[in-house]
Amino acid sequence: MEKYSSSCRLILICNNPSKVIDPVRSRCLGIRVAAPSHDEVAAVLKTVSRKENITLPDELAINIARASNRNLRRALLMLESCHVTTRDDSPKVLKANTPIPHTDWEKYIAMLAAGIASEQSPKALMAAREKLYELLINCIPAQVILKTLVMELLPKLDDTVKGQVVQWAAFYEHRIALVSPPFGISYGFKCSI
């Protein structure tokens with residue numbers, strides 16, 4: 001990067017700059033690009049649906065934008081899944097009340113949260129642990145699991161415990177960030193000597 005800096009420019013894109021190692025971060029100019037607003041996501045969905053000859057009501061576009069949490073890639077995938085799962089005679093026409101399908105791992109975490117809230121016992125703890133391992137084995141990032149689990153648990157909890165749950169979730173999210181290697185790389189070295 002330093003040797004050819006006069007003739008070469010690299011553009012690195014990341015979602016979390018803290019995951020980028022310090023030597024690289026110190027040699028880069030950081031530019032923060034905010035996530036698109038709900039209206040911008042809905043406008044992109046309308047444009048894509050128009051180009052694909054799909055009728056997309058404004059209400060459904062806004063609902064998808066809200067459900068995607070301002071993530072454009074996820075919103076496009078949700079639009080595609082709404083289009084694929086439509087069982088009407090005309091698959092090119094979506095209705096305002098079309099249900100927005102969630103991913104399997106989100107449904108799995110919702111089931112995990114319901115199990116945690118319904119029973120607190122050693123048996124339930126082992127079942128929750130197995131479900132967490134299952135999510136990790138299927139390459140769902142630990143931070144995403146933790147955040148989604150907390151968001152699913154909060155409506156089910158008493159107000160007196162919500163603060164503690166958020167505090168411990170933030171603590172463990174920070175711990176996960178400290179020990180997680182960047183880019184999903186495993187640093188397991190083996191010596192053959």
Side-chain angles (χ1 to χ4, degrees), residues 1-49 51-52 61-84 100-110 112-113 129 131-154 163 165-190:
M1 287 176 74
E2 293 169 350
K3 185 175 181 182
Y4 299 104
S5 64
S6 61
S7 62
C8 179
R9 295 287 183 254
L10 298 174
I11 298 174
L12 307 173
I13 300 173
C14 68
N15 291 332
N16 188 351
S18 66
K19 297 275 187 180
V20 179
I21 60 174
D22 288 333
V24 172
R25 202 173 347 150
S26 69
R27 290 168 178 80
C28 293
L29 171 65
I31 300 173
R32 186 179 185 283
V33 180
S37 68
H38 294 301
D39 293 333
E40 291 170 335
V41 172
V44 170
L45 292 174
K46 294 289 284 182
T47 302
V48 169
S49 63
K51 289 182 180 180
E52 294 289 332
I62 290 292
N63 289 340
I64 291 173
R66 287 185 183 133
S68 70
N69 200 21
R70 297 172 53 198
N71 183 332
L72 189 56
R73 179 179 174 274
R74 187 166 180 191
L76 289 169
L77 289 172
M78 287 176 156
L79 174 63
E80 182 179 5
S81 63
C82 283
H83 174 62
V84 169
I100 302 168
H102 293 283
T103 58
D104 291 339
W105 64 267
E106 288 174 314
K107 293 176 188 173
Y108 198 72
I109 291 177
L112 172 62
R129 183 176 172 182
K131 288 181 180 178
L132 287 172
Y133 283 147
E134 186 70 29
L135 289 164
L136 290 170
I137 288 169
N138 286 298
C139 298
I140 308 299
Q143 290 173 319
V144 172
I145 294 170
L146 186 62
K147 179 182 175 187
T148 310
L149 183 59
V150 168
M151 296 309 286
E152 287 288 333
L153 277 174
L154 285 179
V165 169
V166 171
Q167 178 185 357
W168 284 109
F171 174 78
Y172 283 110
E173 183 181 24
H174 178 68
R175 298 283 294 274
I176 291 169
L178 291 177
V179 298
S180 294
F183 311 112
I185 299 171
S186 171
Y187 295 117
F189 298 107
K190 192 174 187 180

Locate the shortest heavy-atom distance separating [X] from [Y]; write the atom from each residue and the value.
{"X": "Leu146", "Y": "Ala169", "value": "CD2-O, 3.3 Å"}
{"X": "Asp22", "Y": "Arg25", "value": "OD1-NH2, 3.0 Å"}
{"X": "Trp105", "Y": "Thr148", "value": "CZ3-OG1, 3.7 Å"}
{"X": "Ala67", "Y": "Met78", "value": "O-CE, 3.6 Å"}
{"X": "Ile140", "Y": "Leu136", "value": "O-CD2, 3.8 Å"}
{"X": "Ala113", "Y": "Glu152", "value": "CB-CB, 3.6 Å"}

Legend entry - CA sep, side-chain torsions, deciding dist, call: Leu135, Val144, side-chain contact (heavy atoms from CB on, under 4.5 Å): CA-CA 10 Å; Leu135 289 164; Val144 172; over 6 Å; no
Legend entry - For Arg73, all residues meeting side chain to side chain contact (heavy atoms under 4.5 Å, CB included), sequence neighbours excluded: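 For Arg73 the side chain to side chain contact (heavy atoms under 4.5 Å, CB included) partners, ignoring immediate neighbours, are Asn71, Leu77.
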At what distance, to the nearest 0.5 angstrom, does [atom1] of [X] lie from [atom2] of [Y]?
{"X": "Tyr108", "Y": "Ile145", "atom1": "OH", "atom2": "CD1", "value": "10.5 Å"}
{"X": "Gln167", "Y": "Tyr172", "atom1": "CD", "atom2": "OH", "value": "11.0 Å"}
{"X": "Lys147", "Y": "Ile176", "atom1": "NZ", "atom2": "CD1", "value": "13.0 Å"}
{"X": "Leu149", "Y": "Met151", "atom1": "CG", "atom2": "CE", "value": "11.5 Å"}

Inset, instruction - Indicate yes or no: at least one non-hydrogen side-chain atom of Val20 is less than 4.5 angstrom from one of Leu12. - result: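 No. Closest side-chain heavy atoms not under 4.5 Å.
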Using atom types as modelled, flag every donor-acceptor pair under 3.5 Å from a side chain in residues 38-48 to any protein atom, sequence neighbours excluded.
residue : atom : partner : partner atom : Å
His38   : ND1  : Ala65   : O            : 3.4
Glu40   : OE1  : Ser37   : N            : 2.8
Lys46   : NZ   : Leu56   : O            : 2.4
Lys46   : NZ   : Asp58   : OD1          : 3.1
Thr47   : OG1  : Ala43   : O            : 2.9

Inset, instruction - Look at atom NZ of Lys107 and say whether more than 12 heavy atoms of other residues, nucleotides or ligands are closer to it than 6.0 Å. - result: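 Yes - once you tally the heavy atoms of other residues, nucleotides and ligands closer than 6.0 Å, there are more than 12.
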Legend entry - Which residues share a ring pair (Phe, Tyr, Trp, His ring centres under 6.0 Å) with Phe171, sequence neighbours left out: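 If we apply the ring pair (Phe, Tyr, Trp, His ring centres under 6.0 Å) test to Phe171, skipping adjacent residues, the hits are Trp168.
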